[in-house]
K.L.:
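Take a look at the following structure, please.
Heavy atoms only: backbone and side chains are in, while hydrogens, waters and symmetry mates are out. First listed ligand is number 1; within each ligand, the first listed atom is number 1.
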Amino acid sequence: MAPIIDETHDPKLESWVESANEPGTDFPIQNLPYSVWNTTNLNFQGDHVLVPIGDQFLDLDELSEAKLLNESLFQPFHYGDLDDGARSLMAIAQSPIHVRRSLRKRLVALLSGEDASLRDDSKLRERCLISREDVLNDGVPICIQSRDYTDFYASLHHATNVGSMFRPDNPLLPNYKHIPIGYHGRASSIVVSGTDVRRPVGQQAPTEDGGSPGFGPCKLLDYEMEMGAIIAQGNELGESISIEDAEDHILGMCILNDWSARDLQKWEYVPLGPFLAKNFASTVSPYVVTMEALAPFRCGAFERDGSDPQPLPYMDSEGNRESGGIDITVEVWLSSAQMRDKGMDPIKLSQGSFKDMYWTIAQMVTHHTVNGCNLQPGDLLGSGTISGPTRGARGSLLELTWDGDPFAEPPVLVPGTQRTPIELPTGEERKFLADGDEVIMKAYCERDGFRRIGFGECRGIITPARSV
Ligand code: MN
């Protein structure tokens, strides 16, 4: 499972698509994530698989039509006259890892000019490259086709923060350092970046013991900054995926916002865990950054200190210890409706890193299947809120506006009700999200000696609850 660094990661590799060579771009030739877009006004009708490169998109369906992509690497699906890009992407996900690596190498050859057939043919270029602006203006991103969605709780810092609010003396439950905690989410309400999110309605805990629960629009609406892993090849029911093979079963990663209704959650979560507080919407970014593209940014798994238990052997391997982690910088930004009206830029709320997660993606995949549960291509695994050791690295408002600090010496453990609001440049204050707020999540990888790659953005605006 060792991540392979090869010629496709060479920082000197450039594309003839000039904008891909700009240092700040999310999409240099070293990245090449997959996305699916629907459009009626551009080159094509229906859904195509598009690979962002600089300020352009490379159209894999058109490349294939033009016989520049072998059928063994990419198979476009059609329904009559309409192209079905979502199914074509699933076909990529289902191909063995060596085929996915070959597809990446083929795209690099075409975009670097090592194979000049696209670069030197203006008609082909016009057909296979679409400007980012046109796609964003006229196209709609299509969500990855996940049949199932599981959300984990893999950040020790997040679990400790949240645990401290509810159980100040005993923040971490005894199972935490032995199993990656997770719950089964809902695939039907996964939406793609840019989709509005309606404030949910539901039950809230009674204000006094033995009283009746409240009912109405959520009062404590929150986001959770997470990364999602998209499953490639699955496993048969009854079989499991070993820690050594786990990463071959992952197509890649995207940004995930696990919107959370904290007041609904507090009342409903005992004893079976999250339900309606989570399943009203989960937003994903449109680009799947492949595990191959992430290879240069791998790091060791979370370093367990002497008092931490070692993982059981089925979740432990040398490879996982040495390179199971990924150094992905994650940022959360906010803009209120008033800020947008006044032309103000969004403000940054937090910045953390995926390398701080206690459990690795491979451990989550292995643990998920150890009992014989079958993962399927396209399934989404959420990492859990990514929080770090400092206040500025907290990945949810629940933690960010909380006054406690379980890592301070001596620890400051105060009940979860004490909160300092975040001040917005308009003078508005936020402890939780208000209607009209837009949450913008970004993620990228940087490392000396390699090209920076990015995940694009994951956005969503909160709209008012339906009337009850
Ligand atoms: Mn979550």
K.L.:
State whether the side chain of Asn235 and the backbone N or O of Leu375 hold a donor-acceptor pair below 3.5 Å, judged by distance alone.
P.N.:
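Confirmed, Asn235 side chain pairs with Leu375 backbone.
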K.L.:
Keeping the roles fixed (side chain from Arg199, backbone from Leu433), state whether a donor-acceptor pair exists under 3.5 Å.
P.N.:
yes
K.L.:
Near the Mn ion (ligand 1), meaning under 2.8 Å, how many protein N/O/S atoms are there?
P.N.:
4
K.L.:
Strictly by modelled atom types, are Thr426 and Glu428 linked by a side-chain donor-acceptor pair under 3.5 Å?
P.N.:
yes
K.L.:
Between Phe297 and Phe450, how do the two ring planes meet: parallel, tilted or perpendicular, split at 30° and 60°?
P.N.:
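Taking Phe450 first and then Phe297, their aromatic rings stand perpendicular (interplane angle over 60°).
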K.L.:
For His368, check ring pair (Phe, Tyr, Trp, His ring centres under 6.0 Å) against everything at least two apart and list the hits.
P.N.:
His184
K.L.:
Consider only side-chain N and O atoms of Thr401 and Arg419, and report whether a donor and an acceptor are under 3.5 Å apart.
P.N.:
yes
